[in-house]
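Before any comments, here is the structure.
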Amino acid sequence: MPELPEVETTCRSISAWALGRRIDTVVCRRMHLRLPIPEDLDERLRHQSLVAVFRRAKYVLLRFDQDTLLIHLGMSGSLRRAEPHTPLKKHDHVDFIFDTGTVILRYHDPRRFGLIVWAGQNYQNHPLLATLGIEPLHPEFTGKWLYQATRNRETDIKLFLMDAHRLVGVGNIYASEALFRAGIHPITAAGKLSKTRCERLCLCVKETLEEALSSGGSTLRDYVDGTGNPGAFQLELKVYGRTDQPCLRCGTLIRQIKQGQRSTFYCPTCQR
DNA sequence: ACTGGATCCTGACTGC
DNA sequence: TGCAGTCAGGATCCAG
């Protein structure tokens, strides 16, 4: 489900309404996602206030007075505001109930590929975060970095972009979109890219993510942000999901292939 | 170290 | 209408 723009949008919208609120209770209806949900969630979070909501890669971090929670939305997860009268849907696994029960942050995840765990004292050292790659929107992600990181790598550039141990936040949608924008064929061996093409790709990754962010992310099925609003970037997608439709630049039919068991979309004319 | 494949799980959709 | 097969925004683990 969510890639960097969707996770970031989720964090921002939760911040807007939940910061400073105090946990009343936490209700878990299901104890197992990708990992077990901590059993002491309610006991420990009770009466703590939410101090910060931020993102690392595709992880959401909720910092409370004493503890920080690490949340991943997997493929199908969402974290959004619910009111006391909002009816429970199937797969609404966890409710963080604030104040005197007036507002709820609700975790929903049909496929249960997500996770909720304690982040520990120093979240950067958490095993799930410690080995992650660099943030694509940070200044340290440059064409030069990309050029050096891809040397001698035979893996397809699209798979390289999606490898969170190198570069985080770029998932299946935005990898295809950024490569189209850069005019690079997704099967190109990462190590074969010239310095110039690395510069261009780096720029295109940043632009694609930033534009998606300003549209509030992409809503393909049921993605909604922390307030419940859908994104609009799906309207801007140039290749993702457009199999056999004409390329918006040259009219050639968009192709769909598999890379690493995931669908890739590209224009065989614009991308070489 | 790198690379490709299987895997976790449910729901939506397609074709017979 | 039902049933089987395929596919889906992620990331980990394992074998070669």
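We name chains A, B, ... by the order of the sequence lines, and we start the count at 1 in each one.
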Taking the inter-plane angle between the rings of A:H185 and A:Y266 on a 0 to 90° scale, is it parallel (under 30°), tilted (30 to 60°) or perpendicular (over 60°)?
tilted
Relative to the ring of A:H93, is the ring of A:Y107 parallel (under 30°), tilted (30 to 60°) or perpendicular (over 60°)?
tilted
May I ask whether A:F113 stacks on the base of B:dC8, given the cut-offs of 5.5 Å between ring centres and 30° between planes?
yes
What nucleic acid atoms does A:Q234 come within less than 4.0 Å of, heavy atoms only: base, sugar-phosphate, or nothing?
nothing
Have a look at A:R262 and say if it touches a base, only the backbone sugar-phosphate, or nothing, with a 4.0 Å heavy-atom cut-off.
base
What does A:Y240 touch in the nucleic acid at a heavy-atom separation under 4.0 angstrom: a base, only the sugar-phosphate, or nothing?
sugar-phosphate
In whole angstroms, the gap separating C1' of C:dC13 from CG of A:L35 amounts to 13 Å
Should A:R166 be listed as having a side-chain N or O under 4.0 Å from OP1 or OP2 of B:dC2?
yes
As its Watson-Crick or G-U partner within any shown strand, both distances under 3.5 Å, B:dC9 has none
Protein-nucleotide distance (A:L220, atom CG; B:dG11, atom P), rounded to Å
19 Å
Comparing A:N152 and A:Q261 on DNA chain B - which has the more 5′ nearest nucleotide:
A:N152
With rounding to whole Å, what would you report as the distance between B:dC9 and C:dC3 at their P atoms?
23 Å
Could you tell me whether the phosphate oxygens of B:dC9, OP1 or OP2, come under 4.0 Å of any side-chain nitrogen or oxygen in A:H32?
no
Could you tell me the separation between the CG atom of A:L159 and the C1' atom of B:dG5, rounded to a whole number of Å?
12 Å
For the pair made of CZ in A:F265 and C1' in C:dG9, what is the distance, rounded to whole Å?
11 Å
Does A:S76 place a side-chain N or O at less than 4.0 Å from the phosphate oxygens OP1/OP2 of C:dA8?
no
A:E3 CD to C:dA8 C1': how many Å, rounded?
12 Å
Less than 4.0 angstrom between a side-chain N/O of A:H91 and OP1 or OP2 of B:dG11, yes or no?
yes
Using a strict cut-off of less than 4.0 Å between a Lys/Arg side-chain nitrogen and an Asp/Glu carboxylate oxygen, indicate whether A:E177 and A:R181 qualify as a salt bridge.
no
Side-chain N or O of A:K58 versus OP1/OP2 of C:dA11: is the shortest distance under 4.0 Å?
yes
Looking at A:E154, I want to see if its CD is surrounded by more than 12 non-hydrogen atoms of other residues, nucleotides or ligands under 6.0 Å.
no
Round to the nearest Å and state the distance from A:L33 atom CG to C:dG10 atom P.
17 Å
Assign the ring pair A:W145 / A:F160 to parallel, tilted or perpendicular, where the plane angle (0 to 90°) is split at 30° and 60°.
tilted
Rounded to the nearest angstrom, tell me the gap between atom CG in A:N172 and atom P in C:dC7.
13 Å
So which nucleotide does B:dG4 pair with, by the Watson-Crick or G-U wobble rule with both distances under 3.5 Å?
C:dC14
N or O in side chain of A:K258 less than 4.0 angstrom from C:dC7 OP1/OP2
no
Can you find a side chain N or O atom of A:Q259 that sits less than 4.0 Å from OP1 or OP2 on B:dT3?
no
For C:dG10, does either OP1 or OP2 sit under 4.0 Å from a side-chain N or O belonging to A:R34?
no
Tell me whether the side-chain N/O atoms of A:H72 come closer than 4.0 Å to OP1 or OP2 in C:dA11.
yes
Can you tell me if A:E83 has over 12 outside heavy atoms packed within less than 6.0 Å of its CD?
yes
Side-chain donor-acceptor pair present, A:E6, A:Y174, cut-off under 3.5 Å:
yes
Please confirm whether the shortest side-chain N or O distance from A:R112 to OP1 or OP2 of B:dC8 is below 4.0 Å.
no
Tell which nucleotide pairs with B:dC16, taking only Watson-Crick or G-U wobble pairs whose two distances are both under 3.5 angstrom.
C:dG2
Between B:dC2, C:dG9, C:dT12, which nucleotide has the shortest distance from any of its atoms to the side chain of A:H165?
C:dT12
Ignoring hydrogens and angles, answer whether the base of B:dC9 and the side-chain atoms of A:R111 contain a donor-acceptor pair closer than 3.5 Å.
yes
Measure the distance from CE on A:M31 to C1' on B:dC9 and round it to the nearest whole Å.
18 Å
